[in-house]
**Q** 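The structure is given below, and queries will be raised subsequently.
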Amino acid sequence: MSDQPEGAARSAGTFGANDDLCLLSMRQQSALIRSREISATELITAHLHRIAAVDPAVHAVVSVDEERALAEAAAADAALARGEPCGPLHGLPAAVKDVHDVAGLRTTYGSALYASNVAEHDDPVVARIRAAGAIVLGKTNVSEFGFGAHTRNALFESTSNPYAPARAAGGSCGGTAAALATGMATVCEGSDLAGSLRNPASFCNVVGLRPAAGRVPNARSGFGWQPLSVTGPMGRTVDDVGLLLSIMAGPHPAMPLALDADPAKFARIDPADLTGVRVALAPDLAGTVAVDRQVRAVVASQASILAELGCIVEDACIDFDGADEAFRTLRSWTLAYLLDDTIRRHRESLPPSLVQNIEEGQWLSGRDIASALETQARLHERAAVFFNRYDLLVTAAAATPPFPIEQEFPPTIDGAAQTSHLDWLRIAYAISMTGCPALALPAGFTPTGLPVGVQLVGPHREERRLLAIGRAFERANAAGRRRPDLAGLARRGLSLIVNPD
């Protein structure tokens, strides 16, 4: 692995000192385009070359639309030459999670049932990103229907971890996280129910923000009054995530819980002064969830960094009693509603774990659902009281380092059996149940070089403050500047192409 960014391959396997364009930040890439040091066409071409070189080893990007991307890049260059107003993402390469529609591109939801499904319209968030000038290169791989924390499905190859290709990239935004880590795209969005933005960020050493419900339109959820599933940004840096949030956020007619704060406040966020910031440190939620000992060690070691920044660090945690049962009830209820027709028509084509979750939802009573909603409200209240005393809760972003790619989920964590694909996600979905914003960002590596992320949780609707704290933390912890061995991935990908068996 290299600690220095490497960039766009001019051809497969070519990663020279002058080829780091693809791993620059959104602001850096934008500045190069606006100053005419590079053209949008050159930037998009570099990223298409990167996809061709690296993706055969990673399987992160699907449904690449090279022809349209290059045509839009040429149009972006022409607009800039004419002096036309340009959006903040003008000419930047984007990739969209393959559960969100891009007009003219197929949206498969990671299911063979939708292998030929071509979208007619952009999802609201996609429309905002494109209106800001970004150019969609393709879609990013997801778990089937986006309900799973390992990016594998029956339609595409499983997404590999760019730091350890024999291991998982997380999910359901694993394709997005891997694409960011390897420089295959710069502008990337995702969604989060049980950690889909956060555990891939942890596995792939990038940043993911689960914002407050209503901050960003979520056209796919189907439950406008139920704020458990949210849409949010991912990036290689906290600054990129904030800038992208400023584009994605804002009210939308389809969102009854939409927040109407000006999204522009997220566009530029300076690192916070952390002097006197009260931090509650709970790597494993005060011992209530199983967390791998190597992950616990990395997260616990962040206490010294936070203390050096001026924080007051204590061992403390929100009371998450009831979160587990209530989350599983609400998730099953959601699945039973969204996939009712699918399971009736194609039950045999769905993964067994997904079938089980849907059927659990079909047997729920009104009392079951009402009880879960009441628990969710209590957790929201407990979190609000907790953040009267503390400014920040710090936990692991994922309970384990990346696990072997052939596993559906880790069978044990630190000796504790994980009996389903949901068990190891407790540390993420417990936070989901509070409604608090959560930022996953790089914290360190295991002794064998596997990424470990930390989860920073802030008070309700305080994403701006959370991002400012994240920027200060990011400056003090250099883990996020460590990139995968891109040349090695290119060689591996070429080998797989030449020797597919």
Side-chain angles (χ1 to χ4, degrees), residues 8-12 21-22 24 26 29-30 32-34 38-56 58-82 84-110 114-142 155-156 159 173 175-176 178-180 182-190 219-220 231 233-234 244 247-248:
R10 307 298 183 194
S11 60
L21 180 62
C22 291
L24 295 179
M26 283 166 43
Q29 291 179 0
S30 180
L32 289 174
I33 289 176
R34 291 170 188 273
I38 63 169
S39 66
T41 298
E42 288 173 320
L43 182 63
I44 295 303
T45 299
H47 282 80
L48 290 169
H49 284 164
R50 174 58 55 83
I51 292 170
V54 172
D55 199 55
V58 180
H59 309 296
V61 183
V62 301
S63 304
V64 176
D65 192 349
E66 179 174 345
E67 183 178 351
R68 182 165 71 168
L70 289 172
E72 290 184 0
D77 290 330
L80 191 63
R82 291 191 298 268
E84 296 179 5
C86 297
L89 306 181
H90 186 80
L92 300 190
V96 173
K97 185 177 181 180
D98 199 24
V99 295
H100 297 152
D101 287 345
V102 178
L105 273 181
R106 64 176 180 164
T107 302
T108 73
Y109 311 104
Y114 291 89
S116 302
N117 175 53
V118 177
E120 296 182 2
H121 307 284
D122 290 339
D123 271 1
V125 164
V126 174
R128 290 178 178 182
I129 289 171
R130 296 182 74 186
I135 296 170
V136 176
L137 304 179
K139 309 296 280 293
T140 52
N141 203 14
V142 297
L155 188 57
F156 303 113
T159 299
C173 298
T176 303
L180 282 166
T182 54
M184 289 190 277
T186 302
V187 179
C188 292
E189 50 71 68
R220 181 175 176 257
T231 301
M234 296 187 78
L244 185 52
I247 305 300
M248 297 169 62

**Q** Any pair with a residue in residues 128-141 that passes salt bridge (Lys or Arg N to Asp or Glu O under 4.0 Å), sequence neighbours left out, goes on the list, sorted by first then second residue, please.
**A** Glu72-Arg130, Asp98-Lys139, Asp122-Arg130

**Q** Can you name the closest pair of heavy atoms from Thr107 and Ala119 and give their distance?
**A** OG1-CB, 4.0 Å

**Q** Might you point out which heavy atoms bring Met184 and Ala178 nearest each other, and give the distance in Å?
**A** CE-O, 4.3 Å

**Q** Is Thr159 reaching over with its side chain to a backbone N or O of His59, donor-acceptor style, under 3.5 angstrom?
**A** yes

**Q** Rounded to the nearest 0.5 Å, what separates atom OH in Tyr109 from atom NE2 in His100?
**A** 9.5 Å

**Q** Run the side-chain contact (heavy atoms from CB on, under 4.5 Å) check on Leu24 and Leu32 step by step: do they pass?
**A** CA-CA 10 Å; Leu24 295 179; Leu32 289 174; 3.6 Å; yes

**Q** Taking atom CD1 of Ile33 and atom CD1 of Ile38, what is their separation to the nearest 0.5 Å?
**A** 5.0 Å

**Q** Give me the atom names and distance for the closest heavy-atom approach of Thr140 to Ala179.
**A** CG2-CB, 4.4 Å

**Q** Say whether, by atom type as modelled, one donor and one acceptor occur between the side chain of Ser30 and the main chain of Met26 under 3.5 angstrom.
**A** no

**Q** Only distances under 3.5 Å count here; give the side-chain donor-acceptor pairs of residues 73-80 to other protein atoms, sequence neighbours excluded, each with its distance to 0.1 Å.
**A**
{"from": "Asp77", "atom 1": "OD1", "to": "Ala40", "atom 2": "N", "distance (Å)": "2.7"}
{"from": "Asp77", "atom 1": "OD2", "to": "Thr41", "atom 2": "N", "distance (Å)": "3.1"}
{"from": "Asp77", "atom 1": "OD2", "to": "Thr41", "atom 2": "OG1", "distance (Å)": "2.7"}

**Q** Do Leu48 and Val64 make a side-chain contact, defined as non-hydrogen atoms from C-beta onward lying under 4.5 Å apart?
**A** yes

**Q** Of the non-hydrogen atoms in Gly190 and Thr231, which two are nearest, and what is the gap between them?
**A** O-CG2, 3.2 Å

**Q** Less than 4.5 Å apart, side chain to side chain, heavy atoms only: is that true for Pro93 and Leu43?
**A** yes

**Q** Would you check if the side chain of Asn117 reaches a backbone N or O of Thr108 as a donor-acceptor pair within less than 3.5 Å?
**A** no

**Q** Taking atom CD1 of Ile44 and atom CG of Leu92, what is their separation to the nearest 0.5 Å?
**A** 7.5 Å

**Q** Apply side-chain contact (heavy atoms from CB on, under 4.5 Å) to Leu89 and Ile129, showing your working.
**A** CA-CA 8 Å; Leu89 306 181; Ile129 289 171; 4.2 Å; yes

**Q** Taking Val126's backbone N and O only, do any of them form a donor-acceptor pair with Glu189's side chain (distance below 3.5 Å, no angle check)?
**A** no

**Q** Over all heavy atoms of both residues, which pair between Gly138 and Leu105 is shortest? Give the atoms and the distance, please.
**A** CA-CD1, 4.3 Å

**Q** Check Leu137 against Ala69 and note the closest heavy-atom contact, atom names and distance.
**A** CD2-CB, 3.9 Å

**Q** Short question: side chain of Gln29, backbone of Leu21 - any donor-acceptor pair under 3.5 Å?
**A** yes

**Q** Might you work through the side-chain contact (heavy atoms from CB on, under 4.5 Å) test for Ile135 and His47, ending with a clear yes or no?
**A** CA-CA 11 Å; Ile135 296 170; His47 282 80; over 6 Å; no

**Q** When rounded to the nearest 0.5 angstrom, what distance separates CG in Leu155 from CZ in Arg106?
**A** 5.5 Å

**Q** Are the side chain of Asp123 and the backbone N or O of Asp101 linked by a donor-acceptor pair below 3.5 Å?
**A** yes

**Q** Would the number of heavy atoms belonging to other residues, nucleotides or ligands and lying under 6.0 Å from CD of Glu67 be above 12?
**A** no

